[in-house]
Q: 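Starting off with a structure, shown below.
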Amino acid sequence: MSVFRSGVLVLTSPLSALSMKLAPILASAAKIVQDTLYIHLQPGLLLTGSSQPTSTYVPATQEVCSLISKLYSDADLHSNLDVRVLLTNIKNQSHSQQTLSSVQNLSHPPEVVLTDFQTSDGGQYNPAKQQLERYATNCYSCNPHLVSVLLYPEYGIEDDINFKDTDIEENPLQSHSDVVVGGTFDRLHNAHKILLSVCCLLSERRLLIGVADKELLDNKVLKELIQPYEKRVEELSQFLVDVKPSLGFDIVPISDPYGPSITDPELNCIVVSEETQRGGLSVNKRRVENGLDELTIHEIQLITDPKHSENEEEKISSSSFRNRLLGTLLKEPDANPSIPSRPYVIGLTGGSGSGKSSIAKRLEKLGAALIDCDKLGHHSYKPGGLAYQQVIDEFGSGISVCVMDAAVLLEAGWNEMVHEVWTVIIPEKEAISRIMKRDGVSEEAAKKRLTSQMSNSERVEASNVVLSTLWEAEITQKQIEKAWDLLQQRINPDFSNDKPFLQSKF
């Protein structure tokens, strides 16, 4: 079966039976679609007969919200998929007379349409496929060469009893004219999508989204790796237009915990998670002080991340995604024909107290040759200098990786003499604490030292790989080994991480 970049999955099973089917259906779809997978709930859609299949409405209920939440949660097991559940046919109480648009424009036109609809012969060459393609081209802006696939997932025998079309209790979702929600929305993930989907179903007219910026980012873990505000807004907008194009939405930057939620008189509801519920109460307190009506607080549950590591949150969170970026290649290195291809030179830098030197020693133990520019004299290793050429000649055979440990690597422009720049970062408060303990200086002196140096953000902007020593030594070691293995894969195509490392010391 060919692999497609984008696709739309049309789920025709009764909603009461769908919950237990989601995991195997998504597993089957993930083998066919590698990037964007749109999902549309169309229970009861018939793909047999001669009549044109048409989209039908699904009432917005608590049960539908739970199903969408489970869908995104199950999809988190397939990290390659950007799943987006289309909400165009899910109606709330105030929109019972709304009509469906003819064709929905999608940001990633589907190349393949999939369905859980099954035929008695269990094959792919039958009229149901033609009907599926007719339905898709009439509903979505598809690729001109659309392909259709009938999925036949491997359902567990024990789960068959749960697939019966039984009645389920329906609890209508109370909708509101104007809804507000806030967050960082860094690297839009499935927990964000659950939150935004609930907001879309609650909103009748407008969704107001406050996106954290500036001072609100100061205490975030690995804040230097947070996407720029413009990028986060772009991803938010694209997702919202895809899943519910009929809804009006405003996205605004916020630099305090409240933003427009305490001043906008048209708002009716605020959506919060379990951990931000107190924030919703605080918003209402401030609204009363401002002479405004309190907002209905709609709370959603947090989603557990089954892949979280020991230094990550148990919930699906952006901080965990940023943590997983450590040691990976954040941007491709620029080709530099002015330096030899071997040894492959890593320029390692970081601010005072960052733990740069400890990481250099760990890399040395993994097999890298180490040049401590901070100790040997900065002028000795300028490009073209005698000492620099001697180092290159010495390490040119037998040694594949050389690490230049230099605090002023970027300030001195030495990034022109390395293949990649690796930066070590830690929060400013942690750096101050380490400097005071290590050097026996006052807090004021430690702060002054840091302010005289290049900032973490400036270093990260100029780096290919970012590392951090914020956590325990064992976690740092795993991070370094990950970075080393990925480096070996980049420079040695036949590298296998079960090979013994070459030990060397300069």
Side-chain angles (χ1 to χ4, degrees), residues 2 4-13 15 18 25 29 32-60 64 67-68 71-72 75 81-92 94-117 126-151 188 193 196-197 199-201 203-207 234-249:
S2 300
F4 302 88
R5 290 172 299 176
S6 59
V8 57
L9 170 59
V10 181
L11 296 176
T12 65
S13 296
L15 299 184
L18 192 55
I25 290 174
I32 301 173
V33 178
Q34 64 181 11
D35 292 324
T36 307
L37 179 64
Y38 297 102
I39 298 180
H40 213 171
L41 299 176
Q42 292 287 356
L45 183 72
L46 291 177
L47 298 177
T48 56
S50 58
S51 60
Q52 171 67 43
T54 57
S55 179
T56 58
Y57 277 119
V58 174
V64 168
L67 183 62
I68 292 173
L71 204 159
Y72 278 119
L81 289 182
D82 173 11
V83 170
R84 305 182 181 193
V85 181
L86 304 179
L87 308 174
T88 49
N89 64 323
I90 302 179
K91 63 179 182 179
N92 51 42
S94 65
H95 287 72
S96 57
Q97 301 302 318
Q98 58 186 334
T99 58
L100 290 170
S101 59
S102 55
V103 176
Q104 181 178 354
N105 291 317
L106 299 173
S107 58
H108 303 278
E111 299 174 356
V112 60
V113 56
L114 317 167
T115 185
D116 61 338
F117 184 88
N126 53 61
K129 283 170 57 71
Q130 298 176 2
Q131 287 286 66
L132 179 61
E133 292 175 16
R134 288 176 59 195
Y135 162 81
T137 54
N138 281 326
C139 291
Y140 322 109
S141 56
C142 298
N143 186 284
H145 306 290
L146 183 69
V147 175
S148 59
V149 176
L150 305 183
L151 296 177
L188 200 68
K193 294 174 183 178
L196 293 168
S197 295
C199 290
C200 287
L201 293 179
S203 305
E204 300 171 1
R205 187 180 73 92
R206 177 183 63 134
L207 174 60
E234 178 187 350
E235 293 185 357
L236 266 175
S237 300
Q238 186 188 92
F239 176 80
L240 291 169
V241 170
D242 267 351
V243 301
K244 194 172 182 181
S246 62
L247 180 65
F249 60 88

Q: What closest approach, in Å, do Cys200 and Val243 show between heavy atoms, and which atom pair accounts for it?
A: SG-CG2, 4.4 Å
Q: Between Ile68 and Leu87, does the side chain to side chain contact (heavy atoms under 4.5 Å, CB included) criterion hold? Intermediate values first, please.
A: CA-CA 10 Å; Ile68 292 173; Leu87 308 174; 3.8 Å; yes
Q: Nearest 0.5 Å, what's the CG-CG distance between Leu201 and Leu196?
A: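 Between atom CG of Leu201 and atom CG of Leu196 there are 11.0 Å.
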Q: Would you name the heavy atoms of Pro110 and Ser141 that are closest together and state the gap between them?
A: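 Looking at all heavy atoms of both residues, the closest pair is CD-O, 3.4 Å.
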Q: Residues two or more places apart in sequence or in another chain: which of them pass salt bridge (charged side-chain N to carboxylate O under 4.0 Å, His left out) with Arg5?
A: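 Scan of Arg5 (salt bridge (charged side-chain N to carboxylate O under 4.0 Å, His left out), adjacent residues dropped) gives Glu111.
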Q: Could you state the interatomic distance from CG (Leu11) to CG (Asp116), rounded to the nearest 0.5 Å?
A: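 The CG atom of Asp116 is 5.0 Å from CG of Leu11, to the nearest 0.5 Å.
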Q: When rounded to the nearest 0.5 angstrom, what distance separates CG in Leu41 from CD1 in Ile39?
A: 8.0 Å
Q: Is the backbone N or O of Leu86 less than 3.5 Å from a side-chain atom of Gln104, with the two atoms forming a donor-acceptor pair by type?
A: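 Looks like no, no N/O pair under 3.5 Å.
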Q: Run the salt bridge (charged side-chain N to carboxylate O under 4.0 Å, His left out) test against Lys193 and tell me which residues pass, sequence neighbours left out.
A: Asp82
Q: Sort out for me which residue in Thr48, Leu132, Leu45 forms a side-chain contact (heavy atoms from CB on, under 4.5 Å) with Pro53.
A: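 By the side-chain contact (heavy atoms from CB on, under 4.5 Å) criterion, Pro53 pairs with just one of Thr48, Leu132, Leu45: Leu45.
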Q: Any side-chain donor paired with an acceptor under 3.5 Å for Tyr140 and His40?
A: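 There is such a pair (donor and acceptor under 3.5 Å, judged by atom type) between the side chains of Tyr140 and His40.
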Q: Compare all side-chain heavy atoms of Ile32 with those of Val149 and state whether any distance is below 4.5 angstrom.
A: yes
Q: Would you call Leu46 and Thr12 a side-chain contact if the rule is heavy atoms closer than 4.5 Å?
A: no
Q: Under a 3.5 Å distance rule, please check whether Thr115 uses its side chain to pair with a backbone N or O of Phe117 as donor and acceptor.
A: yes
Q: Within a strict 4.5 Å, meaning less than it, do heavy atoms of the Thr88 and Pro245 side chains meet?
A: yes
Q: Using a distance-only test with no angle check, is there a side-chain donor-acceptor pair under 3.5 angstrom linking Ser55 and Gln42?
A: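 Yes, because at least one side-chain N or O of Ser55 sits under 3.5 Å from a partner of the opposite role on Gln42.
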Q: How close do Ser203 and Lys244 get, counting heavy atoms only, and between which atoms?
A: O-NZ, 3.4 Å
Q: As an exercise, state the distance from CG of Leu47 to CD of Glu133, rounded to the nearest 0.5 Å.
A: 11.0 Å
Q: If you take all heavy atoms of Ser51 and Gln131, which pair is closest and at what distance?
A: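 Shortest heavy-atom separation between Ser51 and Gln131 comes out as O-NE2, 2.9 Å.
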Q: Measure across Ala75 and Val83 and return the closest heavy-atom pair with its distance rounded to 0.1 Å.
A: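 Closest approach of Ala75 to Val83: CB-CG2, 3.7 Å.
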Q: First locate atom CZ of Phe4, then atom CG of Leu37, and finally report the distance between them rounded to the nearest 0.5 Å.
A: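 Phe4 CZ to Leu37 CG: 13.0 Å, rounded to 0.5 Å.
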Q: Strictly distance-based, threshold 3.5 Å: is any side-chain N or O of Asp35 a donor or acceptor partner for the main-chain N or O of Ser6?
A: no
Q: Between Asn138 and Gln52, which heavy-atom pair has the shortest distance, and what is it?
A: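 So the two residues come closest at ND2-NE2, 3.0 Å.
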Q: Determine whether Leu9 and Val33 satisfy the following criterion, side chain to side chain contact (heavy atoms under 4.5 Å, CB included), listing intermediate values before the conclusion.
A: CA-CA 10 Å; Leu9 170 59; Val33 178; over 6 Å; no
Q: Checking Tyr135 against Ser148: is there a side-chain donor and acceptor pair closer than 3.5 Å?
A: no
Q: Working to the nearest 0.5 angstrom, can you tell me the gap between Thr36 OG1 and Leu106 CG?
A: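 Atom-to-atom, Thr36:OG1 and Leu106:CG are 10.0 Å apart.
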Q: Check salt bridge (charged side-chain N to carboxylate O under 4.0 Å, His left out) between Asp242 and all other residues, then give those that pass, not counting sequence neighbours.
A: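 Checked Asp242 against salt bridge (charged side-chain N to carboxylate O under 4.0 Å, His left out); matches are Arg84.
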Q: Quick check: do Pro109 and Tyr38 have side-chain heavy atoms less than 4.5 Å from each other?
A: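 They are not in contact (no side-chain heavy atoms under 4.5 Å apart), so the answer is no.
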Q: Quick one, Leu114 with Val8, criterion side chain to side chain contact (heavy atoms under 4.5 Å, CB included). Give me CA distance, side-chain angles, the key distance, then yes/no.
A: CA-CA 6 Å; Leu114 317 167; Val8 57; over 6 Å; no
Q: Hey, does Leu236 have a side-chain heavy atom less than 4.5 Å from the side chain of Phe249?
A: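 Not in contact.
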Q: Any side-chain heavy-atom pair from Val58 and Leu15 closer than 4.5 angstrom?
A: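 Yes - at least one pair of side-chain heavy atoms lies under 4.5 Å apart.
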Q: Whether the side chain of Tyr72 engages the backbone of Val85 through a donor-acceptor N/O pair (distance < 3.5 Å, no angle test) should be reported.
A: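 Between the backbone of Val85 and the side chain of Tyr72 there is a qualifying donor-acceptor contact (under 3.5 Å).
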